[in-house]
Amino acid sequence: MTAAARQGRELPAGELNGSIRALTVDGVKIGDTSVPTTRLEGVTLKVTTGRSVQIRTFKFKGDVQGEATGMVTPNLKVPRNSLMNIRVTTSFRNSWLVRLGDMKPLVESFLERGRMSLNLGGTIGRPRLRPIRGGAK
């Protein structure tokens, strides 16, 4: 452990590997609109920590499937000011898209070849979500 980690100025260096099976996400709202219940058959994760949190692998499969990679630079004194730079590429099951109701056309407007690529930046307290055009592979 570095001196900065011992003093609480950075996270201890390490690695976290894990997987989750049969996860249900419910109660998410965007503005006044509720996102439908999302069922995931599996999630796998590989993260390294230290001065930053490196998201090496974050893959998910289910109603929403895809992956995320990137970095979070933690601010341990004010966690909401932790900086993010995360790229997310995802696609959706048609049955889940139908349950979006009025939000379905909006989500579909961001799809390229059935996939959506986004950059999640800003801070944890004030995230910026930007679509990446031409990023769906």
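Positions are given from 1 along the sequence. We use all heavy atoms of the structure for the numbers below, so side chains are in, but hydrogens, waters and symmetry mates are not.
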Item to check | Nearest atoms (heavy-atom pairs only) where P74 meets V53 | outcome: CD-N, 4.3 Å
Checklist entry - How far does CG of N85 sit from CG of L120, to the nearest 0.5 angstrom? => result 8.5 Å
Item to check | T90 versus Q65, closest heavy-atom pair with distance | outcome: OG1-O, 2.9 Å
Next on the checklist: According to ring pair (Phe, Tyr, Trp, His ring centres under 6.0 Å), does anything in residues 78-97 pair up with another residue at least two apart or in another chain? List the pairs.
Outcome noted: F92-W96
Next on the checklist: Is any side-chain heavy atom of P131 closer than 4.5 Å to one of M116?
Outcome noted: no
Checklist entry - When rounded to the nearest 0.5 angstrom, what is the spacing between OG in S34 and CZ in R99? => result 13.0 Å
Checklist entry - Listed by chain and number, what are the side chain to side chain donor-acceptor pair (under 3.5 Å) partners of T49, not counting sequence neighbours? => result none
Checklist outcome for this item: Applying side chain to side chain donor-acceptor pair (under 3.5 Å) to N17 and not counting sequence neighbours gives E15
Checklist entry - Q54 and S52: side-chain donor and acceptor closer than 3.5 Å? => result yes
Item to check | Counterpart residues, side-chain contact (heavy atoms from CB on, under 4.5 Å), relative to L83 (two or more places apart) | outcome: T73, T123
Item to check | Worked verdict on I124 versus M84 for side chain to side chain contact (heavy atoms under 4.5 Å, CB included) | outcome: CA-CA 7 Å; I124 290 175; M84 300 183 293; 3.9 Å; yes
Item to check | All side-chain contact (heavy atoms from CB on, under 4.5 Å) counterparts of N81, not counting sequence neighbours | outcome: N75, V78
Item to check | Pairs touching residues 26-37 that satisfy salt bridge (charged side-chain N to carboxylate O under 4.0 Å, His left out), sequence neighbours left out | outcome: none
Next on the checklist: How close do G114 and S91 get, counting heavy atoms only, and between which atoms?
Outcome noted: O-CB, 3.3 Å
Checklist entry - What residues form a side-chain contact (heavy atoms from CB on, under 4.5 Å) with T24, not counting sequence neighbours? => result T37, R39
Item to check | ILVMFWY cluster, V88 and M71 together (side-chain gap under 4.5 Å) | outcome: no
Next on the checklist: Could you report the tightest heavy-atom contact between A68 and I55, atom names first, then the distance?
Outcome noted: O-CG2, 3.7 Å
Checklist outcome for this item: Across all chains, not counting sequence neighbours, the salt bridge (Lys or Arg N to Asp or Glu O under 4.0 Å) partners of E108 are K104
Checklist entry - Between D102 and T33, is a side chain to side chain contact (heavy atoms under 4.5 Å, CB included) present by the stated rule, with each step listed? => result CA-CA 9 Å; D102 293 341; T33 305; over 6 Å; no
Next on the checklist: Applying ring pair (Phe, Tyr, Trp, His ring centres under 6.0 Å) as the test, list every pair that has at least one member in residues 63-85; sequence neighbours left out.
Outcome noted: none
Item to check | All pairs passing ring pair (Phe, Tyr, Trp, His ring centres under 6.0 Å) where residues 101-132 contributes a residue, at least two apart | outcome: none
Next on the checklist: Which residue in the set T69, V72, N119 passes side chain to side chain contact (heavy atoms under 4.5 Å, CB included) when paired with I86?
Outcome noted: V72
Item to check | Atom pair CZ (R87) and CG (L118), whose distance is rounded to the nearest 0.5 Å | outcome: 9.5 Å
Item to check | Sequence-distant partners of E41, salt bridge (Lys or Arg N to Asp or Glu O under 4.0 Å), two or more places apart | outcome: R93
Item to check | Common cluster, V98/M103, ILVMFWY with side-chain heavy-atom separation under 4.5 Å | outcome: no
Item to check | Side chains of T89 and E67, donor plus acceptor under 3.5 Å | outcome: no
Checklist outcome for this item: Here the ring pair (Phe, Tyr, Trp, His ring centres under 6.0 Å) pairs for residues 58-80, sequence neighbours left out, are F58-F60
